[in-house]
Structures are given as C-alpha cells and as structure tokens.
Amino acid sequence: MAIGEEILRRLRTQYRIQAEEYVSLYTHLQSRDPFRVLVATILSQNTTDKAALNALKTLEIDMGLTPSAILEAGRRRVEKAIRMAGMYRSKAKFLLEVSRTVVERYDGDLWNMLKGDAEEVRERLMALPGVGGKTADVLLATMGIAHTVPVDTHVRRVSARIGLVDEGASYERVRKRLEEVFSTDSRHLAHLLLIAHGRRVCRARRPLCGDCILNSLCKYYQNLKNQP
Ligand code: SF4
C-alpha cells in the first residue's frame, strides 16, 4: 500500500472529524457561503479555531456576515467584534479590504471570483490582502473547488517528522509533495486528519510517539529509537 493510503487508513481508525473543531469546515457546512468561509479562515490565522469561531459569531450578531455589512460597519466596530481572535487590528483591516474588493469588483458576491481555472482562482485569492497560500488553499479545499492539501503548522510538523517533506521546505514545496502523497479525493481529509493528529499526539512539544499509530512509518521515531 502506498504511504499516503497507509497513513490515512491508520488515522481514520483513530479520529472522527468533528466539524466544530475546524472553523472553516464548520462554517462551510453551516452556510455553503465562500465569503463566510474566507472570513472564518482569516480569523483563524495564528489563533485557535475556537477563538475564531467565537469572533465569527460575534461579527454575525453585531453586523452580519456579508461584504457590504462589514464595509458599512467600519474598522472600529469590526475590530471590537473580532478582538478575541487576536491580531484584531490587522485582521479587521484585511476583512474590510477583502469586503471592498468583493463589493467593487465582484458585484458583492465572492462566488464571482471563484469561477474558472482553479490555479487562476488561487492566484486571484492570493492577491487579496491577508490571503496567503494557506488561507487560499483552506477555502478552495473546504469548498471543494480545488483538491489540495492546505499546509498549516500541524500538517507541516507531522509530515516533516514522518519524513514526507523536508523540515525547512517552502509552503509550495510541502503542498506539492503532499499532493503527490495523497490521492486527489483524499487530500482534504488528509489535511483534517493530520491536524487532528498534530493536536492530540504529534504535538510540537513532547510528541506521544510511544502511543502513536504512525510510529512504525515515522523517521523521527526511528531516529529516537536508534539513539544510544
Ligand atoms: S511517531 Fe512521534 S513524531 Fe512520528 S508521527 Fe507519531 S507522534 Fe509524530
């Protein structure tokens, strides 16, 4: 069995994906609205999904989750609503600029921006303020627009320790490598399962290698065992 399939098979026996633990997925399942998913993903940068979800709910209650509602509310109200998600000044600025772009260039509907070739859509998204490769990929994978493996801190750490990717590799190199490892229709699931594993077992500090379902496949673990 190919390594990607075997990793997925093992992780699937270990974890059930709970949508509430992934703010972008949860928002997608609740709304099917790409603008909301993009807002949720921007809010989740450098914070927990729980904090991002709370900020998203507050935004919705305080002003509504549409580009025009956010624009109308203005910077101060947006900052206040999303404060609990951290980096609220820069995130508020990004949300306002993204909202303005969607209103002025895409008729107020983010779907209009997501039409066409997936790579071109990705480029378009990454031209938005506050939207890097990871945020664009989370939106595209979550909405089923592109089959890719968004690389967050957990995905990177677990993949590097297993030996699938080099530790210092660029975002794009890691993403491309993981697209080789995981089949087209399993990539989003691989992203979610690797996050679950990184949160619970393959933690940044003191990973629980002895109890890890992947340890027989893992370079980091093999190296640990070979140490005198
Ligand atoms: S064996 Fe250790 S380092 Fe390897 S994946 Fe499991 S927890 Fe992570």
Side-chain angles (χ1 to χ4, degrees), residues 18-31 33-60 62-63 65-67 70-71 73 75-102 110 113-114 121-143 145-146 148-160 169-175 178 187-188 190-192 194-199 203-204:
Q18 310 273 6
E20 313 81 64
E21 294 177 8
Y22 303 85
V23 67
S24 307
L25 176 64
Y26 180 80
T27 306
H28 168 59
L29 295 177
Q30 294 288 314
S31 69
D33 175 357
F35 181 74
R36 284 174 184 246
V37 176
L38 181 56
V39 172
T41 310
I42 289 173
L43 289 174
S44 73
Q45 293 168 356
N46 299 302
T47 190
T48 63
D49 283 43
K50 192 173 174 196
L53 188 55
N54 284 338
L56 189 79
K57 286 179 177 168
T58 311
L59 261 186
E60 169 139 52
D62 284 3
M63 65 202 65
L65 278 172
T66 64
I70 288 175
L71 264 187
R75 184 173 57 85
R76 295 226 163 173
R77 277 183 64 203
V78 175
E79 282 181 0
K80 193 166 169 232
I82 67 170
R83 208 179 173 105
M84 71 274 276
M87 295 170 63
Y88 63 94
R89 288 205 176 94
S90 52
K91 288 180 183 175
K93 187 166 162 270
F94 295 150
L95 293 182
L96 283 156
E97 289 178 16
V98 167
S99 298
R100 181 166 295 110
T101 304
V102 176
L110 188 62
M113 190 184 189
L114 303 178
V121 171
R122 186 169 187 268
E123 294 295 321
R124 244 175 266 149
L125 283 168
M126 286 172 61
L128 291 171
V131 180
K134 189 197 85 175
T135 298
D137 290 334
V138 168
L139 175 66
L140 294 171
T142 304
M143 302 295 300
I145 294 168
T148 189
V149 187
V151 183
D152 81 338
T153 178
H154 299 293
V155 172
R156 174 183 283 277
R157 183 176 64 254
V158 178
S159 303
S170 68
Y171 180 93
E172 284 305 309
R173 262 186 106 85
V174 174
R175 180 176 75 99
L178 295 180
R187 288 174 187 158
H188 187 221
H191 161 79
L192 299 171
L194 288 169
I195 290 175
H197 196 58
R199 284 173 175 167
R203 305 179 307 208

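For this chain, numbers begin at 1 and follow the sequence in order. Everything quoted here is computed from the prediction, not taken from an experiment.
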Task: Minimum-distance pair of heavy atoms, taken over all atoms of Leu139 and Leu38 - done: CD1-N, 4.0 Å
Open item on the list: Nearest 0.5 Å, please: how far is CG in Leu95 from CZ in Phe35?
Closed with: 7.0 Å
Task: Atom of Ser99, atom of Leu71 and distance for their closest heavy-atom approach - done: CB-CG, 4.0 Å
- [ ] For residues Pro150 and Val155, determine if any side-chain heavy atom of one lies less than 4.5 Å from a side-chain heavy atom of the other.
- [x] no
TODO: Answer yes or no: is there a side-chain heavy-atom contact under 4.5 Å between Leu43 and Val23?
DONE: no
- [ ] Grab the two heavy atoms, one from Ser90 and one from Met87, that are nearest each other, plus how far apart they are.
- [x] OG-O, 3.2 Å
Task: Leu59 CG to Thr66 OG1 distance, which is reported to the nearest 0.5 Å - done: 10.5 Å
Task: Flag side-chain contact, heavy atom, 4.5 Å: Leu128 against Met113 - done: yes
Task: Arg100: side-chain hydrogen bond (donor to acceptor under 3.5 Å, both in side chains) partners, not counting sequence neighbours - done: none
Task: Between NE2 on residue His191 and CZ on residue Arg175, distance to nearest 0.5 Å - done: 13.0 Å
Task: Heavy-atom side-chain contact between Met143 and His28 under 4.5 Å - done: yes
Open item on the list: Could you report the tightest heavy-atom contact between Tyr22 and Ala196, atom names first, then the distance?
Closed with: OH-CB, 3.5 Å
Open item on the list: Could you measure the distance from the CG atom of Asp152 to the OG1 atom of Thr135? Nearest 0.5 Å is fine.
Closed with: 10.5 Å
Task: Any side-chain heavy-atom pair of Thr142 and His188 under 4.5 Å - done: yes
Task: Side-chain touch Thr47/Lys91, heavy atoms, less than 4.5 angstrom - done: yes
Open item on the list: Within a 6.0 Å radius of atom CZ on Arg124, are there more than 12 heavy atoms belonging to other residues, nucleotides or ligands?
Closed with: yes
Open item on the list: Quick check against the 3.5 Å criterion: does Lys134 have a side-chain atom that pairs as donor or acceptor with the backbone of Gln45?
Closed with: no
Open item on the list: Could you tell me if the side chain of Ile82 sits less than 4.5 Å from the side chain of Thr58, heavy atoms only?
Closed with: no
Open item on the list: For Val98 versus Pro129, what's the shortest heavy-atom pair and its separation?
Closed with: CG2-O, 3.6 Å
Open item on the list: Among Arg76, Arg75, Arg83, Arg77, exactly one meets salt bridge (Lys or Arg N to Asp or Glu O under 4.0 Å) together with Glu79. Which residue is that?
Closed with: Arg75
TODO: Check Ala136 against Leu125 and note the closest heavy-atom contact, atom names and distance.
DONE: CB-CB, 4.0 Å
Task: Which residues share a side-chain hydrogen bond (donor to acceptor under 3.5 Å, both in side chains) with Thr41, sequence neighbours left out - done: Ser24
TODO: Scan for salt bridge (Lys or Arg N to Asp or Glu O under 4.0 Å) pairs involving residues 34-59, sequence neighbours excluded, and state none if there are none.
DONE: Asp33-Arg36, Arg36-Glu60, Asp49-Arg199
- [ ] Might you confirm whether atom CZ of Arg203 has over 12 heavy atoms from other residues, nucleotides or ligands at distances under 6.0 Å?
- [x] yes
Task: Arg156 side chain to Val174 backbone, donor-acceptor under 3.5 Å - done: no
Open item on the list: Assess whether a salt bridge exists between Arg122 and Asp137, defined as any Lys/Arg side-chain N lying under 4.0 Å from an Asp/Glu carboxylate O.
Closed with: yes
